Amino acid sequence: MEKFEHEYKAEQIQVLEGLEAVRKRPGMYIGSTSVRGLHHMVYEIVDNSVDEALAGYCNEIKIVIEPGNIVTVEDNGRGIPVDIHPKTKISAAETVYTVLHAGGKFGGDSGYKVSGGLHGVGSSVVNALSQWTEVTIQRDGGIFEMKFEKGKTKQSLTRIGDSDKTGTKVRFLADNTIFETLEYDYETLENRFREMAFLTKGLKISIEDKREENIKKAEFCYEGGLISFVEFLNKNKEKLHPSPIYIEKGGEVPVEIAIQYTSAYTENIYTFVNNINTIEGGTHLEGFKRALTKVFNDYARNHNIIKEKDPNLQGEDIREGITAVVSVKVKEPQFEGQTKTKLGNSEVTGIVQAMVNESLTNFLEENPNVAKAILEKCISASRAREAARKARELVRRKSALESSTLPGKLADCSSKVPEECEVYIVEGDSAGGSAKQGRDRRFQAILPLWGKMLNVEKSRADKIYNNDKLNPVIIAVGAGIGSEFDITKIRYGKVIIMADADVDGAHIRTLLLTFFFRYMRPLIENGNVYLAQPPLYKISKRGIEDVYCYTDEEMEEKLKEIGREGITIQRYKGLGEMNPEQLWETTMDPERRILIKVKLEDAIKADQIFTILMGDEIGPRRQFIEENAKYVKNLDI
Ligand code: TSJ
């Protein structure tokens, strides 16, 4: 008996030490303590319910955000087991919630746990990083409840009533001493849950945001799974074949893929591992691309669509206009890359490749009309690529002869050392003029943008290259575009987009981000792209220096400090309203300015928004413009 108690204490101490470690270094467990990490808390809890759904015992998950940023997640699964562990005298439920990495120990494991996926964390981490948590479980005819504060048990599992239902409900408030903000972004959550519903066929996920008087809510359930996902992504596009191609295969590494081609010129391939969006791609994407190239080339040759003497179609020709979702399940995923969203498991390449080779070949043989429609597009892409290459060679030869090739509007800097040089891409001539006068010309170059906005999605590389708005950007950056982009040739270490904080400014930002994402992705991955942040307000008062405010909140704070007596407030509607000195002081001086480094996720978001913005449908476009102010704010996070 003595020994028994001793063991009990030792385990308890271990638990407390474990969760204390989580609170000491939260970033190591949840990725970051920014709003990204905050959202991760919700995903972590929801993933437990998704696992229950994958195991086949749950078909509904409800998420509610209450005033005060309290989150509730509820499912109709079996309920976390409540039986008491004979050795620890603690219920299975409490163990799951207090012991690091305790998930999945109780059988019923789907094998490909999404929970703990990205950062290898579990519900105990959420417990440790919450001010408080309440867990309610219905099973075995009863309702059970347990409570925690900052990871410490305040009430062990207690039976509080009877119930003939089953399910698990978790209600928690994230810890404001850990996270920089507790303010969830409804849209981010909504998008993630839509995505999860697409990835788990038949699972109903609802979200409700009750924080403001006007309640936002959405409900997602897709019987078509990935097919519905691709149809959703292609909603505003012209399709080359009526329904998505769907292929799947079970086994050690289950693979599920849906593909549909459109008349667009870009490729949209989304990849997931254990339901986590691998935005940096990886071995599964590699396998998919290789198989796609091989299958279409083989088909084209076997059916004499390309002749013996003709060269093979290239991968990029075959991916022009493709929309695809690739979802794989991997037991021990290795995540690499800048944001740990790149699959590293090398065995996955061959598995996906073999599966796509076989299934897609069969599909094309059985659907010759679809094969024909896609291959026509590939061949025309290949011809356009060839024509573009010739056009570029002409340009290059010309530029080798003429010595001055930089765009006329570019006011270059005197330094030629890329690491210390910056180029500001500025919308509008008047702002461009102020920027030229206000800059430090030793290391700051200014490129004013003018001309017609180009729809990147609806244009091929040759058109992009010759577009009057984008060509100067390409030449100024100096490293080419697309597969020929060479990061070692960039002329500036920082490429800074400077646009107004209004709808037009957001438009130009979105265009440029989409362009960089599509045609100079390494520039974003390498962290060379920035957004300048001009102030929104200037507060002037006699006897003190002018105070610039970059957000509404900052302005409120500053007004509290300064008081409202004898002040004038100027609201800047655009960069053009600032004189050169003001622009330098507030937005360009490295000592004082605020620069936001663009992350790959920001660019992806811009790219998705771009499709809506440039799509032919009026509805989504108006909606975008209405929600736009918010998007600009989100980018700042
Ligand atoms: F872990 C948690 F607290 F974060 C949490 C778990 C939160 C939420 C909202 C749901 C869940 C959860 C867990 N839902 N469903 C389950 N299922 C189990 O834990 C479970 C149930 C039965 C059996 C069994 O073998 O009988 C096994 C497991 C893992």
Side-chain angles (χ1 to χ4, degrees), residues 15 18-19 22 29-30 39-66 70-85 90-130 132-149 151-157 163 165-174 189 192-193 196-197 200 203-208 275:
V15 164
L19 296 192
V22 175
Y29 293 86
I30 200 85
H39 288 143
H40 211 85
M41 296 273 279
V42 184
Y43 306 154
E44 206 54 62
I45 295 297
V46 172
D47 282 350
N48 289 282
S49 301
V50 173
D51 278 341
E52 185 74 354
L54 289 175
Y57 299 102
C58 155
N59 62 7
E60 194 170 347
I61 306 173
K62 283 186 193 156
I63 298 106
V64 179
I65 319 166
E66 296 166 37
I70 295 163
V71 174
T72 302
V73 179
E74 184 172 8
D75 72 35
N76 66 348
R78 291 167 292 178
I80 313 177
V82 295
D83 40 59
I84 306 284
H85 195 284
I90 289 173
S91 66
E94 189 176 338
T95 310
V96 166
Y97 225 73
T98 53
V99 179
L100 276 179
H101 297 292
K105 271 190 186 165
F106 301 94
D109 189 348
S110 69
Y112 308 99
K113 294 201 78 64
V114 286
S115 47
L118 197 49
H119 296 102
V121 309
S123 39
S124 59
V125 168
V126 179
N127 185 17
L129 302 179
S130 295
W132 55 259
T133 308
E134 294 165 12
V135 181
T136 313
I137 297 162
Q138 298 179 78
R139 68 177 280 152
D140 305 338
I143 305 183
F144 305 82
E145 191 185 66
M146 54 183 183
K147 294 181 181 175
F148 307 90
E149 279 173 26
K152 296 200 173 100
T153 308
K154 288 287 145 169
Q155 181 195 311
S156 279
L157 197 71
S163 171
K165 293 201 204 84
T166 65
T168 307
K169 180 163 120 180
V170 169
R171 204 165 159 260
F172 72 97
L173 175 62
L189 294 176
R192 172 67 184 143
F193 296 135
M196 283 181 143
T200 317
L203 173 63
K204 184 160 125 189
I205 306 184
S206 65
I207 173 165
E208 196 170 357
N275 285 0

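Order of listing sets the numbers, starting from 1, for every ligand and every atom in it. Here the structure is a predicted model, which means the values were calculated and not measured.
For the pair Gly79 and ligand 1, a heavy-atom separation below 4.0 Å is found. Using 4.0 Å as the threshold, Lys169 has no heavy atom nearer than that to any atom of ligand 1.
Heavy-atom proximity to Tyr97, at under 4.0 Å, picks out these atoms of ligand 1: 2 (C), 3 (F), 4 (F). For ligand 1, the atoms closer than 4.0 angstrom to any heavy atom of Val73 are 9 (C). For ligand 1, the atoms sitting less than 4.0 Å from at least one non-hydrogen atom of Val170 are 3 (F), 7 (C), numbered in the order shown with element in parentheses. Remark: ligand 1 atoms within the under-4.0 Å shell around heavy atoms of Arg139 are 21 (C), 22 (C).
Partners of Asn127 by side chain to side chain donor-acceptor pair (under 3.5 Å), not counting sequence neighbours: none found. Under the side chain to side chain donor-acceptor pair (under 3.5 Å) criterion, Ser206 pairs with no residue at all, not counting sequence neighbours.
Here the options are Val22, Leu129, Leu19, the test is side chain to side chain contact (heavy atoms under 4.5 Å, CB included), and the partner is Ser124; only Leu19 passes. The residue from Thr133, Val170, Asn48 that alone fulfils the side chain to side chain contact (heavy atoms under 4.5 Å, CB included) condition with Ser123 is Asn48.
Asn76 places none of its side-chain heavy atoms less than 4.5 Å from the side chain of Lys62.
Within the set Ser49, Ser123, Ala53, the minimum heavy-atom distance to atom 8 (C) of ligand 1 is found for Ser49. Within the set Thr168, Val46, Asn48, Asp75, the minimum heavy-atom distance to atom 2 (C) of ligand 1 is found for Asn48. When Ile61, Val96, Ile137, Ile80 are ranked by how near their heavy atoms come to atom 19 (O) of ligand 1, first place goes to Ile80.
Between Glu134 and Arg171, at least one side-chain nitrogen of the basic residue sits less than 4.0 Å from a carboxylate oxygen of the acidic one, meeting the salt-bridge criterion.
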